[in-house]
There are 2 protein chains.
Amino acid sequence: MPDNLFPRPEHDHGSCIEHAIGRAHEICAEKSVRLTALRESVLRVLLSSHKALGAYEIIERLQTDGRRLAPISVYRIIDVLLSAGLAHRLESKNAFFACLSEHDSANSMLVLVCDGCYRVAEAEAPDAWGAIKSVTQSSGFAVTETILEIQGTCADCRKTTRPAA
Amino acid sequence: MPDNLFPRPEHDHGSCIEHAIGRAHEICAEKSVRLTALRESVLRVLLSSHKALGAYEIIERLQTDGRRLAPISVYRIIDVLLSAGLAHRLESKNAFFACLSEHDSANSMLVLVCDGCYRVAEAEAPDAWGAIKSVTQSSGFAVTETILEIQGTCADCRKTTRPAA
DNA sequence: AGATGTCTGTAACAATATTGCATTATTCTG
DNA sequence: CAGAATAATGCAATATTGTTACAGACATCT
């Protein structure tokens, strides 16, 4: 049993972020992608919440002094993060979240979205992907991308009445 | 083998639409939903294409004389069609398509989207849903909605080089 | 340093979706 | 059938999400 797939509310969030940033630098080095200061700061915004954030929400959380990043800049940076696999798009919400799992392609993964705390979690689901594959193959459909997003209530939110984050 | 899940290019599209409209009236009667002239015409637009159409695309295709439906009107009508189960939302494209299957809830269904011809098809995928359920249950996640959309190339488009519709 | 390519900034704009309120139809009740 | 209540549609404005085109800044490599 994978148990709760969402981060524990009491987890050490600071080190969780730093660890992810470290991994991100490694991954970018491997892939020859430049994780610039700006890109890292966008990734940090995503990592800070365990939620999926809209592009404009990222802009708001990013603005330090009075400076506001232009939409196009955020979208460009998001594109980079997406194609490096450091973040994913939540199609059902037009939003983006940082990837914490160690998967390569999105193959065999599924996304859980909690309606209570808005947090997002990824999980392995090879059986589901196998079943999908058998449907598509028997109908002659050549798959290029699979979107598997599940909305509901996470274990923490079900326990505590109040949202977990 | 379900074979090709998309409508044959040569199918009798006129009667296919009329049959679906007939079913829609039955369903609305059952559910005490009023399928007004305007709502039916929006449904017809969706049925006419076997594709997922954006709200503004519906507006364009709908305008007869010079009159253009306001966005809000289309969105309201779409909401009605969605909640009656006569149409579904394609989350990955912010678009909507008419439902041709006979399923009750969206449970156990999956959506195929062809990148070539832009057509949409639904398929039964009970095994995939079973596998998903086992992941969510073991992690204590209470599912309210599952989004399962698959992009790729349909059998017709793979055969013909040129898109099937 | 100079050439090249990548990254970021600025401004305008396109596409998608919603809010609030007014008006018209339809249904319900007496 | 009149009048009230409810549902459907119209209208205007605006919010949210995403893109295009072009210019300037920064890094990297000879």
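Below, chains carry the letters A, B, ... as their sequence lines are ordered, and counting in each starts from 1. Please read these numbers as outputs of a predicted model, since none were measured by experiment.
In this structure, the CZ atom of A/R68 is 15 Å from the C1' atom of C/dT10, given to the nearest Å. Remark: P of C/dG9 and CD1 of A/I59 are 11 Å apart, rounded to the nearest angstrom. To the nearest angstrom, P of D/dC11 lies 19 Å from OH of B/Y75. C/dT16 atom C1' lies 13 Å from atom CD of B/E57, rounded to whole Å. Rounded to whole Å, atom P of C/dT19 lies 11 Å from atom CG of B/D79. Rounded to a whole Å, the CG atom of B/L35 is 14 Å from the P atom of C/dT26. If you measure from atom CD1 of B/I77 to atom C1' of C/dA17, you get 15 Å, rounded to the nearest angstrom. Here C/dA15 presents its C1' atom at 13 Å from CZ of B/F96, a figure rounded to the nearest Å.
A salt bridge is defined here as a Lys NZ or Arg NE, NH1 or NH2 lying under 4.0 Å from an Asp or Glu carboxylate O, and B/R44 with B/E18 meets this definition.
Considering only side-chain N and O atoms, B/S73 lies nowhere under 4.0 angstrom from the phosphate OP1 or OP2 of D/dC11. Between B/N94 and the phosphate of C/dA17, there is a side-chain N or O to OP1/OP2 separation shorter than 4.0 Å. Taking side-chain N and O atoms only, A/R89 has a distance below 4.0 Å to OP1 or OP2 of D/dG18.
Residue contacts for B/R76: at a heavy-atom cut-off of 4.0 Å it reaches a base atom on one of the strands shown.
Side-chain atoms of B/Y56 stay outside donor-acceptor range of the base of C/dA14, with no qualifying N/O pair under 3.5 Å.
Closest to the side chain of A/A70, out of D/dT17, C/dT10, D/dG10, is C/dT10. Which of D/dA8, C/dA17, D/dT19 sits closest to the side chain of B/R34 comes down to D/dA8.
In this structure, the side chain of B/R158 engages the main chain of A/G140 through a donor-acceptor pair within 3.5 Å. A donor-acceptor pair is defined here as one N or O able to donate and one able to accept, closer than 3.5 Å; no such pair exists between the side chain of B/E122 and the backbone of B/C99. Although no hydrogens or angles enter the test, the distance criterion places no donor-acceptor pair under 3.5 Å between the side chain of A/E91 and the main chain of A/I147.
Defined by atom type and a distance below 3.5 Å, a donor-acceptor pair is missing between the side-chain atoms of A/Q151 and B/T144.
The 5' end of DNA chain C is approached more closely, in terms of each residue's nearest nucleotide, by A/T36 than by the other of A/T36 and B/A55. Toward the 5' end of DNA chain D, the nearer of the two residues B/R39 and A/I72, judged by each one's closest nucleotide, is B/R39.
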